[in-house]
Amino acid sequence: MRRLSVTGCILALAGIVVGVVASILPAAAQSADDPVPAEDAGFVAVIEIDGLLDPVLVDFVATSIDEAEAAGALALVLQVDSNAVVVSDARFGELLEKVLDASVRVDVWIGPSGSGLTGPGAQLVGAADDVGMAPGSRLGDAGEALVDGLDLDRLGPIADRVVSTQEAEELGITSFPAPTIGDFLVNIPGVQTREVTQDDQTRREPLTQVQFSQLSLLDQLMHTAASPAVAYLLLAVGLALIIFELFTAGVGVAGVVGAGSFVLACYGLAVLPVRGWALALVVASMLAFAIDVQTGVPRFWTAAGVVMFAIGSLFLFDGLALSWVTLLVGIVGVLLAFLGGMPSMVRTRFSTPTIGREWMIGEVGRAVSAVNPDGVVQIRDALWRASTNRATPVEELDRVRVVGIDGLVLEVEPEEGGARDYRERRRTPEPGE
């Protein structure tokens with residue numbers, strides 16, 4: 001019995017040892033491959049800054065800093081591709097100071113490949129903790145520091161010139177090589193990582209969660225409307241459709257779309273640096289086009305409209321250039337609309353069948369434009385192309401009388417003082433004559 005007892009004790013002790021060892025080995029294996037559970041590794045917030053730094057994007061960055069601080073993020077990473085700032089220096093300076101004073105670290109990565117951070121926006125690298133650049137990116141033309149406390153060692157070499165990724169690394173502007181956003185994230189202090197081997201290549205990937213954020217749909221719409229190309233095309237489309245609607249009966253889809261485009265264009269132009277005289281030329285060109293659309297015949301005002309619209313388009317933005325593709329689409333599109341589309345529409349609208357319209361002879365209306373010898377008149381709230389004898393021209397807004405119908409054109413004369421021979425020649429024969 002004593003032997004059995006001793007043997008049982010030994011076996012029990014061995015079982016305990018085996019259990020302890022078995023429980024330690026998985027923990028050791030986990031600590032080797034997964035030092036910190038993912039749920040305990042914190043998170044890094046990443047936001048994308050793409051396009052001009054306008055009020056929408058500046059507010060987005062400021063709000064993201066507040067949210068990252070409140071949520072206890074390890075870092076906030078700005079993924080940037082921007083070539084200009086269109087807010088005031090004071091407003092952008094406030095953002096730089098917010099980045100400098102943030103309790104959460106704020107890092108900047110310029111990417112993906114081919115991206116850039118140029119103009120005053122480049123001063124973000126002077127306020128950031130770490131900076132990275134994708135291959136083929138650009139950084140520079142930062143100008144003079146807008147606020148105190150920026151890293152002048154980073155800003156000095158790029159104050160008045162643009163450098164490549166390789167040059168930025170040689171100048172010590174970037175903190176470490178970061179071809180991709182993933183390579184940048186795993187090098188941020190505090191980010192937990194693990195090594196993964198795939199296809200005989202070992203790489204690091206973050207255990208720390210990465211949360212990507214972007215603008216809301218409304219903010220995306222307003223940000224897009226504030227880009228030069230979109231604002232310019234919206235302006236052209238909006239004005240053209242509004243003029244189109246003036247020559248149609250009632251308010252239709254074209255009027256609604258035109259009004260919406262015009263409102264968005266106004267917002268974009270209010271944000272962007274615009275030359276007032278160039279904008280005035282664009283608006284005046286539309287009025288010039290409208291004059292000849294009303295007459296249905298492209299004449300002097302059409303040529304004047306083409307010249308004004310082209311010049312206004314070329315010089316519309318101050319310091320921001322439109323691509324030749326955008327200019328080509330805008331100018332050619334407007335020309336096609338006003339030289340072909342709208343005159344055809346007007347002719348179609350004026351082409352009311354003349355059968356059964358004999359009652360119009362003798363009707364009195366007014367001249368919408370001068371009729372000398374051709375123009376447009378209004379008879380019973382309807383617009384018609386009209387012609388008159390050269391001896392009896394009709395001034396704009398003068399009263400006219402319909403004396404005949406020639407195809408789709410009304411023949412008119414002044415209500416008073418018309419040429420008698422003209423009326424006799426066009427008079428409709430009475431029955432029996």
Side-chain angles (χ1 to χ4, degrees), residues 50-58 81-89 91-92 116-122 138 140-143 160-162 221-244 258-293 298-342:
D50 186 9
L52 301 178
L53 281 161
D54 59 5
V56 172
L57 275 185
V58 169
D81 181 13
S82 176
N83 62 0
V85 176
V86 293
V87 296
S88 66
D89 288 348
R91 179 69 186 90
F92 191 64
L117 179 57
T118 55
R138 308 173 307 284
D141 282 341
D160 55 2
R161 70 188 185 99
V162 177
L221 174 64
M222 304 311 289
H223 176 60
T224 301
S227 62
V230 175
Y232 165 70
L233 293 177
L234 284 175
L235 177 65
V237 170
L239 290 174
L241 288 179
I242 289 173
I243 291 175
F244 174 85
S261 300
F262 183 71
V263 170
L264 289 175
C266 288
Y267 168 78
L269 296 175
V271 171
L272 299 170
V274 175
R275 294 185 177 95
W277 63 267
L279 178 59
L281 278 181
V282 172
V283 174
S285 70
M286 295 294 175
L287 298 177
F289 285 130
I291 293 174
D292 279 357
V293 168
R299 296 182 298 186
F300 166 79
W301 288 109
T302 298
V306 171
V307 174
M308 289 189 290
F309 186 78
I311 295 176
S313 299
L314 290 172
F315 296 96
L316 183 59
F317 296 107
D318 187 5
L320 301 173
L322 292 171
S323 68
W324 67 267
V325 175
T326 302
L327 289 171
L328 185 65
V329 170
I331 294 174
V332 172
V334 166
L335 291 182
L336 290 176
F338 285 102
L339 292 180
M342 290 200 190

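Around atom OH of Tyr267, more than 12 heavy atoms belonging to other residues, nucleotides or ligands sit under 6.0 Å away.
Residues Ser261 and Val237 approach most closely at OG-CG1, 4.2 Å, considering heavy atoms. Leu53 approaches Gly121 most closely through the heavy-atom pair CD1-CA, 3.9 Å. Among all heavy-atom pairs drawn from Ala259 and Ile242, the shortest one is N-CG1, 4.3 Å. The shortest heavy-atom contact between Gly140 and Ala122 is O-CB, 3.7 Å. Leu320 approaches Pro228 most closely through the heavy-atom pair CD1-CG, 3.8 Å. Summarising the geometry of Leu57 relative to Leu52, their closest heavy-atom pair is CD1-O, 3.3 Å, with the distance given to 0.1 Å.
Under a 3.5 Å cut-off, the side chain of Ser82 and the backbone N or O of Gly51 do form a donor-acceptor pair.
Here the straight-line distance linking atom OG1 of Thr326 with atom CD1 of Ile331 works out to 10.5 Å at 0.5 Å rounding. The distance from the CG atom of Leu314 to the CH2 atom of Trp324 is 14.5 Å, given to the nearest 0.5 Å. Distance CZ/Phe289 to CD1/Ile243: 9.0 Å, rounded to 0.5 Å. Atoms CG and CG, from Leu328 and Leu322 in turn, are 12.5 Å apart once rounded to the nearest 0.5 Å.
Within the structure, no pair that satisfies the salt bridge (charged side-chain N to carboxylate O under 4.0 Å, His left out) test touches residues 232-244, not counting sequence neighbours. Residue pairs meeting the salt bridge (charged side-chain N to carboxylate O under 4.0 Å, His left out) criterion with at least one partner in residues 307-323, sequence neighbours excluded, are Arg275-Asp318. Applying the salt bridge (charged side-chain N to carboxylate O under 4.0 Å, His left out) rule to pairs touching residues 323-340 yields nothing, sequence neighbours excluded. The stretch residues 229-242 participates, sequence neighbours left out, in these side chain to side chain donor-acceptor pair (under 3.5 Å) pairs: Tyr232-Ser313.
Legend: residues meeting ring-ring contact (aromatic ring centres under 6.0 Å, His included) with Phe315, ordered by chain and number and at least two apart, are Trp277. Val162 is linked by a side-chain contact (heavy atoms from CB on, under 4.5 Å) to Thr118, Arg138, Asp141, counting only residues two or more places apart in sequence or in another chain. In this structure Leu264 satisfies the side-chain contact (heavy atoms from CB on, under 4.5 Å) test together with Leu221, Met222, Ala225, Leu234, sequence neighbours excluded. In this view, Ser88 satisfies the side chain to side chain donor-acceptor pair (under 3.5 Å) rule with no residue, not counting sequence neighbours. Applying the salt bridge (charged side-chain N to carboxylate O under 4.0 Å, His left out) criterion to Arg91, with sequence neighbours excluded, gives Asp59, Glu94. Checked against side chain to side chain donor-acceptor pair (under 3.5 Å), Asp54 has the following partners two or more places apart in sequence or in another chain: His223. Every side-chain contact (heavy atoms from CB on, under 4.5 Å) that Val282 has, sequence neighbours left out, goes to Leu235, Leu239, Phe309. With sequence neighbours excluded, no residue forms a salt bridge (charged side-chain N to carboxylate O under 4.0 Å, His left out) with Asp160.
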Should Leu269 and Phe317 be marked as a side chain to side chain contact (heavy atoms under 4.5 Å, CB included) after you check the CA-CA gap, both sets of side-chain angles, and the distance that decides it? CA-CA 9 Å; Leu269 296 175; Phe317 296 107; 3.9 Å; yes

